[in-house]
Structures are given as C-alpha cells and as structure tokens.
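Okay, structure first, notes after.
When a ligand or atom number is given, it counts from 1 through the structure's own listing order. Keep in mind that what you see is a predicted model, and the values were worked out from it rather than measured. Throughout, residue positions are numbered sequentially from 1 according to the sequence presented.
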Amino acid sequence: MAEGTRGPGADADPGERAAELAANLARVEERLGAACAAAGRAREEVTLVVVTKTYPASDVRLLADLGVRHVAENRHQEAGPKAEALADLPLVWHFVGQLQTNKARAVAGFCDYVHSVDRIRLVDALASAARNRGRELRCLLQVALDKEGADAETASARGGVAPADVDALAAAVTAAPGLSLAGVMTVAPLTGRYAGRPGAAFARLEEISSGLRRNDPAATMVSAGMSSDLEEAVAAGATHVRVGTAVLGVRPRLG
Ligand SMILES: *Cc1c(COP(=O)(O)O)cnc(C)c1O
C-alpha cells in the first residue's frame with residue numbers, strides 16, 4: 001500500500017478503514033505536536049476539527065472511536081442527516097460552508113459552531129433560527145483576507161467579510177439574542193497579496209482577532225489552517241485547525 005492518505009478508502013471493510021483512519025490521525029497528531037512544539041505552544045491550545053464532508057457517517061463513527069470530538073461539514077443537506085444518525089456520540093458539530101439565509105434553520109438544527117458568518121442578513125437569519133430551536137449558536141466571522149485594500153478588486157466570490165467590516169458584523173452578532181461571538185475564521189486566499197503566503201494570511205487573521213478580543217474577551221477562537229497549511233496556522237496562533245484530506249483521504253471530485 002502506498003504511503004500517505006491514499007488507502008482502501010471509505011468503502012473498504014470497517015477494520016481496514018479503522019486502521020487507515022487511525023494511521024492518518026496519528027500522522028496529523030504528529031504534525032500538530034511538532035508545530036506546537038516549534039511555536040512554543042501547548043498541544044492543548046489547538047483543537048483538531050476533522051472535516052468529514054463527502055465521507056459517510058460510518059467514518060465519523062470510526063473517528064469518534066479514535067477519540068475525535070470535533071467534526072465539520074460544509075453542506076447542510078449532508079450534515080443534518082449525518083448528525084442525526086450519530087446523535088448517540090459525544091460530538092461537537094461545526095459548520096464551515098457558505099450559507100444561504102434560507103438554510104439557517106437547517107443548520108441551527110444540528111450545529112454548535114458556525115464558522116462562516118459573513119454578513120448581517122445571515123446574522124439575523126441565524127438568530128431567529130437559534131431562538132426557534134431554543135439553542136445558542138456560536139458564531140465565527142469568516143474573514144476574506146483578499147477583500148482588503150487594492151486586493152478587493154480581484155477578490156474571489158468566495159464567502160467572507162472584508163476586514164474593514166469585521167467590527168460592524170461582530171457588533172451585530174453580539175447584539176443578537178440566540179447567538180454568541182466565538183471568534184474568527186479564514187481560508188488562506190488564492191489571490192491577492194496573501195496568495196501562496198498562508199503564514200502571512202494567518203498572522204493578519206490573528207491581528208484581526210486581537211482587535212475583536214479587545215471588545216469581547218470571550219471571542220477567543222481563531223479557526224485557520226487545513227491539511228496543507230496547518231503548521232503555518234499553529235505558528236500564527238490558531239486555536240482550531242480544520243483538517244479533512246489528511247485524515248480521511250483525498251475527496252472524490254463532486255459532480
Ligand atoms: C474542506 C474544507 C477544509 C478541509 O480541507 P482539507 O484540505 O481537506 O484539509 C477546511 N476548511 C473548509 C472551509 C473546508 O471547506
């Protein structure tokens with residue numbers, strides 16, 4: 001069998017898949033440990049969130065057996081039924097996908113943390129959904145670092161609030177009953193001044209987080225770093241890394 005994350009995959013027999021996930025998880029844990037040591041941080045300062053999108057509930061169950069507690073999804077149609085099928089497990093569910101306002105209700109049904117809050121209308125929709133469900137939703141502001149200064153002209157259409165608008169959005173979350181401000185999130189930009197420089201992008205996110213924490217000391221979460229750049233994220237101060245491929249394998253291309 002080849003090294004790395006390519007193994008028998010999600011349709012292998014459960015024993016083989018469990019062994020594969022255990023090996024991948026151990027490798028990610030090793031990387032996180034080394035990154036924390038290099039940054040002079042305690043390993044407990046960084047939470048591993050495993051992004052399980054496109055992989056079956058059976059994989060999530062195996063991961064829970066291996067000690068994973070935080071999982072993330074990016075499509076509510078897939079995530080809702082998965083969370084329901086796994087309701088017996090002590091999992092914390094994170095939502096990391098772009099979110100339409102009319103899907104806020106569905107997300108509020110299964111989710112503890114929403115990492116992709118990027119506009120006031122979505123804040124309003126999430127707040128009324130949270131109140132209807134009688135649960136509190138913890139919100140992270142997704143910051144689009146390619147929507148800053150001159151880069152804004154060429155920014156991608158991906159989600160995220162421009163850094164200049166973070167304070168106003170934070171105030172809206174803080175004021176909304178049913179929501180709490182948990183922190184900030186970013187995806188390293190593919191264009192603009194941070195293209196190919198995830199470390200610089202994550203350092204900028206940390207700066208934005210510091211500004212936010214001056215007003216709201218409880219907004220401590222910094223969600224940054226994926227399979228390819230988790231070391232840079234840990235070095236820059238991330239409290240949560242979102243890792244998919246390195247744990248579960250290369251996702252089949254969608255549609
Ligand atoms: C899919 C996804 C990840 C995980 O990416 P990998 O490269 O597979 O580790 C992290 N964050 C977001 C927002 C994602 O959509």
Please report the C-alpha distance between Arg242 and Val96 in whole Å, then the side-chain angles of each, then the deciding distance to 0.1 Å, and finally whether the side-chain contact (heavy atoms from CB on, under 4.5 Å) criterion is met.
-> CA-CA 9 Å; Arg242 311 177 307 270; Val96 299; 3.8 Å; yes
Please round to the nearest 0.5 Å and tell me the distance separating atom CG of Leu248 and atom OG1 of Thr54.
-> 7.5 Å
Nearest protein heavy atom with distance in Å, relative to atom 10 (C) of ligand 1 | Met226 SD, 3.2 Å
Parallel, tilted or perpendicular: which fits the ring planes of Phe110 and Trp93, with parallel below 30° and perpendicular above 60°?
-> perpendicular
For residues Ala182 and Leu140, report the shortest heavy-atom separation together with the two atoms involved.
-> CB-CD1, 3.9 Å
Considering distance alone, does some N or O of Val187 sit under 3.5 Å from an N or O of ligand 1?
-> no
Protein residue, atom and distance nearest to atom 13 (C) of ligand 1, heavy-atom basis = Val96 O, 3.6 Å
Starting from atom 9 (O) of ligand 1, find the nearest protein heavy-atom neighbour and note its residue, name and distance.
-> Ser227 OG, 2.5 Å
Residue and atom name of the nearest protein heavy atom (relative to atom 1 (C) of ligand 1), distance in Å to one decimal = Lys53 NZ, 1.5 Å
For Arg119 and Asp124, what are the C-alpha separation, side-chain angles and deciding distance, and is it a salt bridge (charged side-chain N to carboxylate O under 4.0 Å, His left out)?
-> CA-CA 9 Å; Arg119 58 200 191 280; Asp124 296 339; over 6 Å; no
Is there a side-chain contact between Val68 and Val71, using heavy atoms and a 4.5 Å cut-off?
-> yes
Side chain or backbone of Thr245 under 4.0 Å from ligand 1, or both, or neither, by non-hydrogen atoms?
-> both
Should you measure from each heavy atom of Val243, which atoms of ligand 1 turn up under 4.0 Å away?
-> 9 (O)
Starting from atom 11 (N) of ligand 1, find the nearest protein heavy-atom neighbour and note its residue, name and distance.
-> Arg242 NE, 2.9 Å
Closest non-hydrogen atoms of Leu181 and Ala170, given as atom of the first, atom of the second and distance, are CD2-CB, 3.9 Å
How does His115 reach ligand 1, if at all, at less than 4.0 Å between non-hydrogen atoms: by side chain, backbone, both, or neither?
-> neither
